[in-house]
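The structure appears right after this line, and notes come after that.
Keep in mind that this is a model prediction, so the values were computed, not measured.
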Amino acid sequence: MDQGSARDGVRPAYASGAFSRAQADGRMPECRVPEQARGEQAGAEQAGAERAGAERAGGRPADGEQARGEHTHSEPPAPRVVQRHSVRGQILDALRAALVDGELVPGQVYSAPALGARFGVSATPVREAMQRLAVEGAVEVVPNRGFRVSERGPRELAELAEVRALIEVPVMMRLARTVPAHRWCGLRPLAEATVTAAAVGDRAAYAESDRAFHRAVLMLSGNEQLVAVADELHRRSQWPLVSGPATRRADLLADASEHTALLDALVSQDLAVVQALVREHFAGADR
């Protein structure tokens, strides 16, 4: 799931039966919810339908319906959602992708005007975005020259993996015991997105989809502060090392398989497999 590590080979598929040959080929299995969970969900839907029918029979409109003859002209229209994308935000995303892809080389100094010319913008949004990356630790400010991409070694990567494990493993195990199966099935598209990015070797897209999957899992805890801290540590773990080979597509595919295997174990509530998967993931993140 993490790209910062340099591996001697691809981690083998888990022999626990958590995922099948179809998953290793990048094809997602159907997310089957246990019978009990399906029954509870169906019961809730039937109760909702009966409640709506009773309201109609009693002359009262059900939720979302308007009584005949009722005037609603006094109600204000729904507000229109306006989306604004700042140039700085777009440049920040582009710089982060360049860091993950290795286009910005560790140890090299880059000036804001030069990067601005590369992206077709002025130096100001680039400088602002680089200042943000400096706060995150991705680059260092070099007075009168620009920004140097931080040089990271295996020890920093191992430390990040250790801290992430201390935070995420206990939370994932708690969620595995308390979250119903159908909630885990809702995360299947996020797991599929990591497989799609891995299949084409798109490291930047994989980094984003990888973090999105982890965020979605941790958000089930309801702890926003935990999610923010874990996401920042995860982002830092994806920056490339100062030396070492680029992440291979086979490595990305192996990591994506861990996402699907974990979901399968969570849906089936196989706690032993869940524990093995999450511990193996963080143990391998520092290699």
Quiz prompt | Result of checking R236, Q131, R96 against E136 for side-chain hydrogen bond (donor to acceptor under 3.5 Å, both in side chains) | solution = R96
In Å and rounded to the nearest 0.5 Å, what is the [atom1] to [atom2] distance from [X] to [Y]?
X	Y	atom1	atom2	value
M130	L92	CE	CG	10.5 Å
M219	D231	CE	CG	10.5 Å
I167	E162	CD1	CD	11.0 Å
L133	S150	CG	OG	9.5 Å
E151	E156	CD	CD	11.0 Å
T178	Q269	OG1	CD	9.5 Å

Quick one: are [X] and [Y] in side-chain contact, heavy atoms under 4.5 Å?
X	Y	result
V278	L262	yes
E258	L277	no
S237	R164	yes
L175	W184	yes
R174	S221	yes
E103	R118	yes
R188	D264	yes
D93	Q90	no

Exercise. Could you state whether V141 and L104 fall into the same hydrophobic cluster, counting links through intermediate Ile, Leu, Val, Met, Phe, Trp or Tyr residues with side-chain heavy atoms under 4.5 angstrom apart?
Key: yes
Sidechain-backbone polar pair: [X] side chain, [Y] backbone, donor-acceptor under 3.5 Å:
X	Y	answer
Y206	A199	no
R152	W239	yes
R148	E140	no

Exercise. Check step by step if side-chain contact (heavy atoms from CB on, under 4.5 Å) holds for T194 and D255.
Key: CA-CA 9 Å; T194 66; D255 289 342; over 6 Å; no
Practice problem: For C185 and V267, run side-chain contact (heavy atoms from CB on, under 4.5 Å): C-alpha distance rounded to whole Å, both residues' side-chain angles, the deciding distance at 0.1 Å, then the answer. | Solution: CA-CA 7 Å; C185 285; V267 169; 3.9 Å; yes
Quiz item: Checking side-chain contact (heavy atoms from CB on, under 4.5 Å) for the pair L95/I91: CA distance, chi angles, key distance, verdict?
Solution: CA-CA 6 Å; L95 290 171; I91 295 299; 3.8 Å; yes
Practice problem: Please report the C-alpha distance between F213 and L218 in whole Å, then the side-chain angles of each, then the deciding distance to 0.1 Å, and finally whether the side-chain contact (heavy atoms from CB on, under 4.5 Å) criterion is met. | Solution: CA-CA 9 Å; F213 176 80; L218 296 178; over 6 Å; no
Practice problem: For R88, look at atom CZ and say whether over 12 heavy atoms of other residues, nucleotides or ligands are found less than 6.0 Å away. | Solution: no
Quiz item: For the residue pair H214 and H234, does the interplanar ring angle fall in the parallel (under 30°), tilted (30 to 60°) or perpendicular (over 60°) class?
Solution: perpendicular
Exercise. Might you point out which heavy atoms bring V274 and M173 nearest each other, and give the distance in Å?
Key: CG1-SD, 3.8 Å
Self-check item: Salt-bridge contact E208-R235 (side-chain N to carboxylate O under 4.0 Å)
Solution: no
Quiz item: Hydrophobic cluster mates of L271, side-chain heavy atoms under 4.5 angstrom, ILVMFWY only, any path?
Solution: none
